[in-house]
Amino acid sequence: MNHLHSFSKPEHLCGEKRITRVFTQGEAFIVYPLRVVYLIEPKNQKESSTVLVSVPKKRFKRAVKRNRLKRLMREAYRLNKQAIIEKLMDKQLQIQLAFNYVSDEEMDFAMIEKKMKLSLQKLADKIDLL
RNA sequence: AUAGUAGGUCGGUUUGUCGCUUUUCCCUUGUGGAAUGGAGGAAAGUCCGGGCAACGCAGAGCACCAUAUUUCCUAACGGGAAGCUGUUUGUGAGGGCAGAGUAGCGUAACAGAAAAUAACCGCUCCGGUUUUCCGGAGUAAGGGUGAAAAGGGGAGGUAAGAGCUCACCGGUUUGAGUGGCAACAUUCAAAGCCGUACGUCUUAUGGGUUGCAAGAUCAUGUAUACCGACGCAUGUAGGGUGGCUCGCCCGAUGUCGGGGGGUAGAUUGCUAAAGGCAAAUGGUGACAUUUGUUCGAGAUAAAUGACAAACGCUUUGCGCAGGCAAAGUACAGAACCCGGCUUACAGACCUGCUAUUUUU
RNA sequence: GCUGUUGUAGCUCAGUGGUAGAGCACUUCCUUGGUAAGGAAGAGGUCGCGAGUUCAAUUCUCAUCAACAGCU
């Protein structure tokens, strides 16, 4: 069985030091409602892509809504990550990603998936330029 | 039948595809496979109480905070049950709120004569003047103001009046009896002639602090914290006793020995518990006892999901009806664990009771 | 996870139970040839929301909502 669509623990971006590094050294762009922060560097760990998603408490007060949006974003990433993974494998690079949700309104899965595809395409273009 | 009220219960189901995570097992040992478990009645707010943990422990007084009707329940509580008294709300079943003490002190705007040792108008008597009126004394029945006006209405009494006196009634205090575990209720007698609300104050009881991001262990690794002995000093400067006072305790620098702070990480704490369900017994009840049976989240930038389809339920529209179509399907997500309280909630069900209408 | 503070006019803030105020801003008028400054007058408040105590609540009590801050 192939595992093109998995999203297991090693693919999460965690640990205070690594997260701080991404946010201080990484670059960012916005594909509304997603703000994408990324850091591309030569490959030195097993996974070629590690990701975190976040929804600010300030915009969504209820935990249920925050959890749902995070799940939708994760799901959208999981189903579409192949777009960048292969390019990274070819060039022997790794990427660390952070997705911030910056809208004030809840969106459904179709919308979020569309935006996620857009932002991943944008990342793929950047990888090609390197 | 409709509307309501009190208490209790539930709060979607099935299938497919792709995923997340706990535990166990297997192998060809890795982006592997299999099996298994995986949010709530409020997981929420963090308002109380407890367990558990670390630190502290020399006390006394004051201060501070909380609580305050009775009896019971409970591990405990500021929670609950059943009562008592008052008040308020509802046609009603019911619901809300308050309930230690009152000796002293303070406040009660505006209006009103006066907001508690009262006297503007009025009433009565006396003196002056004699047309109205002026001055003095008495009085608190009547008037108006106000949220609130000095027990109630009646008879006697008087110049006019007044608990001034009398009987009855209301309330207060004291004593005695009856009922009740008690709060209290009720009866009799006596006294006295009797206002209200809030605050302050007083009394009683309780309160060490911090919280699983507590704390423990491991690997890496080193400031020189801390401890002991000796020496100095002889309780001096200063410090601690988490706000103050008294009291108590420690106590400067040196040498030797022991020892290991902080940061980031991993493991642990971590989930079986005052647990759920049923029956019987006791109790008005909260609840307790016994017996039987049953279940099993443990993540850590944080899992329990996404998509699709079908069904169920609710509402609306169309239709005589079967049915068809559309819309909706709540509040909300564990983060150490329990007991409560509070707040949010589509819809459904059960039991008791109430009101209205109709029928028998 | 734990803890605290604040909410009053468009803005910044007063207001210790008795008719809600100040400064700036706004409107009208005066002044000036005109503008600014100055002067006069005026408008603008569910006192975050909901209960309770009281004769009376911005103020006292309870619950709730929002904003902000702190510890880690």
Taking the C1' atom of each, how far is B:G285 from B:U71, in whole Å? 13 Å
In whole angstrom, give me the gap between the P atoms of B:G33 and B:U17. 16 Å
Per the O4'-C1'-N9-C4 / O4'-C1'-N1-C2 angle with a 90° window around 0, B:G163 comes out syn
Validation row: A:Q96, A:E41 side chains within 4.5 angstrom (heavy atoms): yes
For B:G157, which nucleotide in any strand shown is its Watson-Crick or wobble partner with both distances under 3.5 Å? none
Between the side chains of A:R78 and A:E11, is the shortest nitrogen-to-carboxylate-oxygen separation below 4.0 Å, so that they form an ion pair? no
Rounded to whole Å, CG of A:N80 lies from P of B:C307 at a distance of 14 Å
Just name whichever nucleotide pairs with B:G195, Watson-Crick or G-U, keeping both distances under 3.5 Å, else none. none
Rounding to an integer number of angstrom, what distance separates B:C125 and B:A160 when you compare their C1' atoms? 8 Å
A:R62 side chain: which of B:U31, B:C18, B:A332 is closest? B:A332
If pairing requires Watson-Crick or G-U wobble contacts with both distances under 3.5 Å, which nucleotide is the partner of B:A190? B:U173
Could you tell me how far B:G146 sits from B:G45 if I compare only their C1' atoms? Round to whole Å. 46 Å
What's the closest nucleotide to the side chain of A:R78 if the choices are B:U31, B:G305, B:A306? B:G305
Its glycosidic angle compared against 90° from 0, B:G238 adopts the form anti
Round to the nearest Å and state the distance from A:F109 atom CZ to B:C18 atom C1'. 10 Å
Quick check: do A:V102 and A:L34 have side-chain heavy atoms less than 4.5 Å from each other? no
Report the C-alpha distance between A:D108 and A:L72 in whole Å, list the side-chain angles of each, state the deciding distance to 0.1 Å, and finish with yes or no for side chain to side chain contact (heavy atoms under 4.5 Å, CB included). CA-CA 8 Å; A:D108 61 1; A:L72 290 175; over 6 Å; no
Hey, is C:U61 sitting syn or anti, using the within-90° cutoff around 0? anti
Does any residue of residues 66-77 of chain A have a heavy atom under 4.0 Å from RNA chain B, and if so, which ones, in number order? A:N67, A:R68, A:K70, A:R71, A:L72, A:R74, A:E75
Give none if B:A3 has no partner; otherwise give the nucleotide forming a Watson-Crick or G-U wobble pair with it, both distances under 3.5 Å. B:U354
Applying the Watson-Crick and G-U wobble criteria at under 3.5 Å, what pairs with B:A225? Answer none if nothing qualifies. none
Taking all non-hydrogen atoms of both residues, which atom of A:I112 and which atom of A:A76 are closest, and how far apart? CG2-CB, 4.2 Å
Only pairs with both distances under 3.5 Å count, Watson-Crick or wobble alike; so what is the partner of B:A53 in this structure? B:U210
Find the distance A:F99:CZ to B:A301:C1' and express it as a whole number of Å. 15 Å
Just name whichever nucleotide pairs with B:A81, Watson-Crick or G-U, keeping both distances under 3.5 Å, else none. B:U71
Base orientation of B:A204, chi within 90° of 0 counted as syn, else anti, reads anti
Roughly how far apart, to the nearest Å, are B:U253 and C:C2 at atom P? 44 Å
Taking B:A155 as the reference, what is the distance to B:G161 when you measure between their C1' atoms (whole Å, please)? 16 Å
Minimum heavy-atom distance between A:G26 and A:L39, given as atom pair plus value: CA-CD1, 4.0 Å
Sequence neighbours excluded, the answer for side-chain contact (heavy atoms from CB on, under 4.5 Å) partners of A:A28 is A:R35, A:V37
Take atom C1' in B:U139 and the same atom in B:A150, then report the distance between them in whole Å. 16 Å
When the nearest nucleotide of RNA chain B is assigned to A:H12 and to A:D108 on a heavy-atom basis, which residue is associated with the more 5' position? A:H12
Begin with the C-alpha distance, continue with both residues' side-chain angles, and end with the deciding distance and a verdict on side chain to side chain contact (heavy atoms under 4.5 Å, CB included) for A:V22 and A:L52. CA-CA 11 Å; A:V22 169; A:L52 81 82; over 6 Å; no
Any heavy-atom pair between the side chains of A:E113 and A:N80 that's under 4.5 Å? yes
Side-chain donor-acceptor contacts of residues 116-130 of chain A below 3.5 Å, not counting sequence neighbours, with atom names and distances?
from	atom 1	to	atom 2	distance (Å)
A:S119	OG	A:K115	O	3.2
A:S119	OG	A:M116	O	2.9
A:Q121	NE2	A:D125	OD1	3.3

Separation between the P atoms of B:G156 and C:A57, rounded to whole Å: 50 Å
RNA chain C base-pair string [pairs: Watson-Crick or G-U under 3.5 Å; |: paired with another strand]: (((((((..((((....[..)))).(((((.......))))).....(.(((..]....))).)))))))).
If you link ILVMFWY side chains whenever their heavy atoms are less than 4.5 Å apart, which other residues fall into the same cluster as A:M89? By chain and number, please. A:I85
Could you identify the nucleotide paired to B:A43, looking across every strand shown and requiring Watson-Crick or G-U wobble geometry with both distances under 3.5 Å? none
In whole Å, I'd like the distance from the CD atom of A:E113 to the C1' atom of B:A308. 13 Å
Under the ring pair (Phe, Tyr, Trp, His ring centres under 6.0 Å) definition, can you give me all pairs with a residue in residues 68-101 of chain A, not counting sequence neighbours? A:F7-A:Y77, A:F60-A:Y101
Mind telling me if B:G242 is syn or anti? Syn here is a glycosidic angle within 90° of 0. syn
